[in-house]
Amino acid sequence: MKNEERLVKKITQKSKDFSKWYVEIIKKAEMADYAPIKGMMVIRPYGFAVWENLQNLLDLRIKETGHSNAYFPLFIPESLLEKEAEHLEGFSPEVAWVTHGGKEELEERLAVRPTSEAIIGNMYSKWIKSYRDLPVLINQWANIVRWEKVTRPFLRTTEFLWQEGHTVHETAEEAQKETMMILELYKEFAESELAIPVISGIKTEREKFAGAEATYCVEALMADGKALQMGTSHFLGQHFSKVFNIRFEDRNQKLQYGWQTSWGVSTRLIGAVVMAHGDDSGLKLPPRIAPIQVVIVPISGGDWQKTVLPVATRIKDELKQAGIRVKLDHREEFTPGWKFANWEMRGVPLRIEVGPRDIKNNQAIAVRRDTGDKTPVALDELKEKVRATLADIQKSLLKAAFKYQQDNSYEVDNFEEFKSVLENQRGLIKTFWCGASACEDRIKNETMGTIRAVLLDKDKSGKANGKCILCGKETDKLVYFARAY
RNA sequence: CGGGGAGUAGCGUAGCUUGGUUUAGCGCGCCUGCUUUGGGAGCAGGAGGUCGCCGGUUCAAAUCCGGCCUCCCCGACCA
């Protein structure tokens, strides 16, 4: 008990003030820091290393499914952004404009991209002439600027990093298939790499991407009971191809407009990882994306440099050779206890302690960040044990997050109960909705709950019909409600 | 964007109401030395500040006034 108190003495408790806890962890773990411009942050090396790991793992999947990376301009001429009316209307409140080059005012304002459909559509119209040019499967990793009014590190920042895929297909079916394939890819990625279980579905008219025919999404439930959108996959139909004139001659020698998709995930995912797994001692990073998977803390004291350090160094080399991201913390200016707490703050999944006692027994102590379990491990089994434990930590983080999601999911069918859940427990509410924007709006006004996703048929598991939670009308739309970020 | 709160050393803060007693104080951290080191070490000595920025009032401003910037909370808006 006393130990636990000491561990948490410097951090705001997660349960007491979630948003303060969140910001504090991000700053203390040196993930990010505020920049002197509203809503902008610096992603510090430790945070950026998480992003790089996450990026590599996702990039691999994007390429495995046939896409290539490219890079398009940061600026979009106003005339291009204006072409798709809904798109412009949706984004115009958040666009940052460049009006001058040096001292001269520009003839035409340039938007700093809030997303790249317009500039990419413009280029695609030049590149696509025949069905033989299709499909076009391009992704770009880029920065985006949206002038948001309320910002929070990683979750919503004025500038953020993301990937955006932009594809063009011969047929609606093929584009639809791509949209769904990416949705599944995001879901699999979130669960197996970030250890965050997600729900998926389609957005309502109100919530869909400006200019899309349909928006599909993956959403996760955070520790404060609010939902966070983790990624979106849009079926764009021919909205953009018509205004950007992306036409091709099809197999029957007829001119046709291309069918498009776009999809993206951002640095927001880092915020999701922080919120989903962290606790009162700091971050808990899933081993798959942790910049440091194993930290070795030698117990200093006496002639440790001659006895303990060589063994610790040997362990480091062995693990490194096995492809494990390992760090040996041999700093003399800090005591072991301080290092324990510090690496816990940074969310390193596994700690290995080596001291004089261990050396006598030819062992080391392995301590898990997720459970706190301490286990002696024989030195000659260490490599295999570490590998297995990291895999197990990855699994158990997902399991714990999944349990949380289950424990905070509700199925209700009367509005009073619905209101009470959103007011008190929060969490995800599965219920029926008639499909009318009027009901959606009223529910939002009265409860602050929004429809995060309309379940796809395949996820409904037998529940075909029910009554709208608000108006009682018979409907087949099963939806997830939640308060959202 | 509206309402409320805040900004003093790397972090947390006292001082502000009632301007001068402050050479701006304290805790943690930092530096040096010695002793320590299995859950945030101890002692001794030391360094570190344009009091968010700009301007005004005054003999005198961290303190009073105005403008601006940034952060937090509540709402509106929004991927």
Side-chain angles (χ1 to χ4, degrees), chain A residues 1-12 17-24 27-28 30 33-41 87 89-95 114-115 144-153 155-158 160 162 164 203 206-212 215 217 219 227-232 234 262-268 271 281-282 297-305 308-309 329-345 351-361 363-365 367 372 374 376 444-445 448 450 452 484-485:
Chain A
M1 213 61 230
K2 201 168 181 188
N3 278 349
E4 276 170 38
E5 279 168 31
R6 290 175 74 177
L7 282 177
V8 304
K9 70 177 179 185
K10 290 185 180 171
I11 320 180
T12 301
D17 188 338
F18 187 76
S19 78
K20 197 173 170 199
W21 168 86
Y22 173 78
V23 172
E24 217 168 286
K27 291 185 84 167
K28 291 208 160 125
E30 296 183 358
D33 200 0
Y34 288 107
I37 306 119
K38 183 174 160 43
M40 291 189 146
M41 64 170 180
H87 188 61
E89 200 194 321
F91 281 102
S92 65
E94 314 168 20
V95 172
T115 179
I144 288 294
V145 169
R146 293 182 189 172
W147 219 260
E148 302 283 359
K149 291 180 174 147
V150 178
T151 57
R152 310 189 70 189
L155 298 178
R156 176 171 281 121
T157 46
T158 302
F160 56 94
W162 79 352
E164 48 180 327
K203 285 294 187 193
R206 259 196 74 108
E207 302 267 333
K208 77 172 191 194
F209 177 75
T215 291
C217 63
E219 302 254 341
L228 181 74
Q229 180 175 296
M230 304 271 290
T232 45
H234 313 293
S262 69
W263 30 274
V265 302
S266 71
T267 33
R268 171 180 268 193
S281 300
V297 178
I299 308 304
S300 41
D303 54 354
W304 73 282
Q305 299 240 21
V308 174
L309 191 57
D329 186 357
H330 57 262
R331 292 175 293 180
E332 287 193 68
E333 61 268 36
F334 297 110
T335 60
W338 187 91
K339 290 177 185 175
F340 297 164
N342 190 246
W343 292 113
E344 276 161 15
M345 164 65 70
R351 174 174 82 238
I352 291 176
E353 304 173 18
V354 200
R357 293 206 295 266
D358 302 311
I359 291 185
K360 268 187 216 138
N361 299 325
Q363 65 170 33
I365 308 291
V367 187
K374 297 190 180 189
K444 187 182 173 185
N445 287 338
M448 292 169 68
T450 52
R452 304 322 301 155
Y485 273 93

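Here is how names work: the chains are called A, B, and so on, in the same order as the sequence lines, proteins then strands, and each is numbered from 1.
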A/I359: side chain to side chain contact (heavy atoms under 4.5 Å, CB included) partners, not counting sequence neighbours:
A/V308, A/V311, A/V354
Using a heavy-atom cut-off of 4.0 Å across all strands, would you classify A/R357 as base, sugar-phosphate, or nothing?
base
Between B/rG39 and B/rC34, how far apart are the two C1' atoms, rounded to whole Å?
24 Å
Just jot down the side chain to side chain donor-acceptor pair (under 3.5 Å) partners of A/S300, sequence neighbours excluded, or say none.
none
With A/Y22, which residues qualify under ring pair (Phe, Tyr, Trp, His ring centres under 6.0 Å), at least two apart?
none
If one requires at least 3 consecutive Watson-Crick or G-U pairs with distances under 3.5 Å, the stems of RNA chain B turn out to be B:1-7 with B:69-75, B:10-13 with B:25-28, B:30-35 with B:41-46, B:52-56 with B:64-68
If you assign A/R206 and A/M40 each to the RNA chain B nucleotide with the nearest heavy atom, which residue ends up on the more 5' nucleotide?
A/M40
Please list each protein N or O that sits under 3.5 Å from an N or O in nucleotides 34-37 of chain B, with the distance.
unit_1 : atom_1 : unit_2 : atom_2 : d
B/rU37 : O2'    : A/S300 : O      : 2.6
B/rU37 : O2     : A/S300 : OG     : 2.9

Spacing of CD belonging to A/E207 relative to OG1 belonging to A/T232, to within rounding of 0.5 Å
12.0 Å
Results of side chain to side chain donor-acceptor pair (under 3.5 Å) for A/D358 - residues two or more places apart only:
A/Q363
Reading RNA chain B from 5' onward, which residue's closest nucleotide shows up sooner: A/N445 or A/T215?
A/N445
Listed by chain and number, what are the salt bridge (Lys or Arg N to Asp or Glu O under 4.0 Å) partners of A/D33, not counting sequence neighbours?
A/K27
List the residues meeting side chain to side chain contact (heavy atoms under 4.5 Å, CB included) with A/Q305, not counting sequence neighbours, and say none if there are none.
A/L309, A/E332
Whole-Å P distance, B/rG55 and B/rG3
28 Å
If we ignore hydrogens and angles and just use 3.5 Å, is the side chain of A/T158 paired with the main-chain N or O of A/K38 as donor and acceptor?
yes
Under the rule for side chain to side chain contact (heavy atoms under 4.5 Å, CB included), what residues qualify as partners of A/R156, not counting sequence neighbours?
A/E148, A/R268
Quick check for you: among B/rC72, B/rG39, B/rG75, whose closest atom lies nearest to any side-chain atom of A/P153?
B/rC72
List the residues meeting side chain to side chain contact (heavy atoms under 4.5 Å, CB included) with A/R206, not counting sequence neighbours, and say none if there are none.
A/T204, A/E440, A/D441, A/K444
Atom C1', compared across B/rG49 and B/rA9: separation rounded to whole Å
5 Å
Identify, with sequence neighbours excluded, every residue that meets ring pair (Phe, Tyr, Trp, His ring centres under 6.0 Å) alongside A/W304.
none
Find every protein N or O atom lying less than 3.5 Å from an N or O atom of nucleotides 3-8 of chain B, and list the pairs.
none

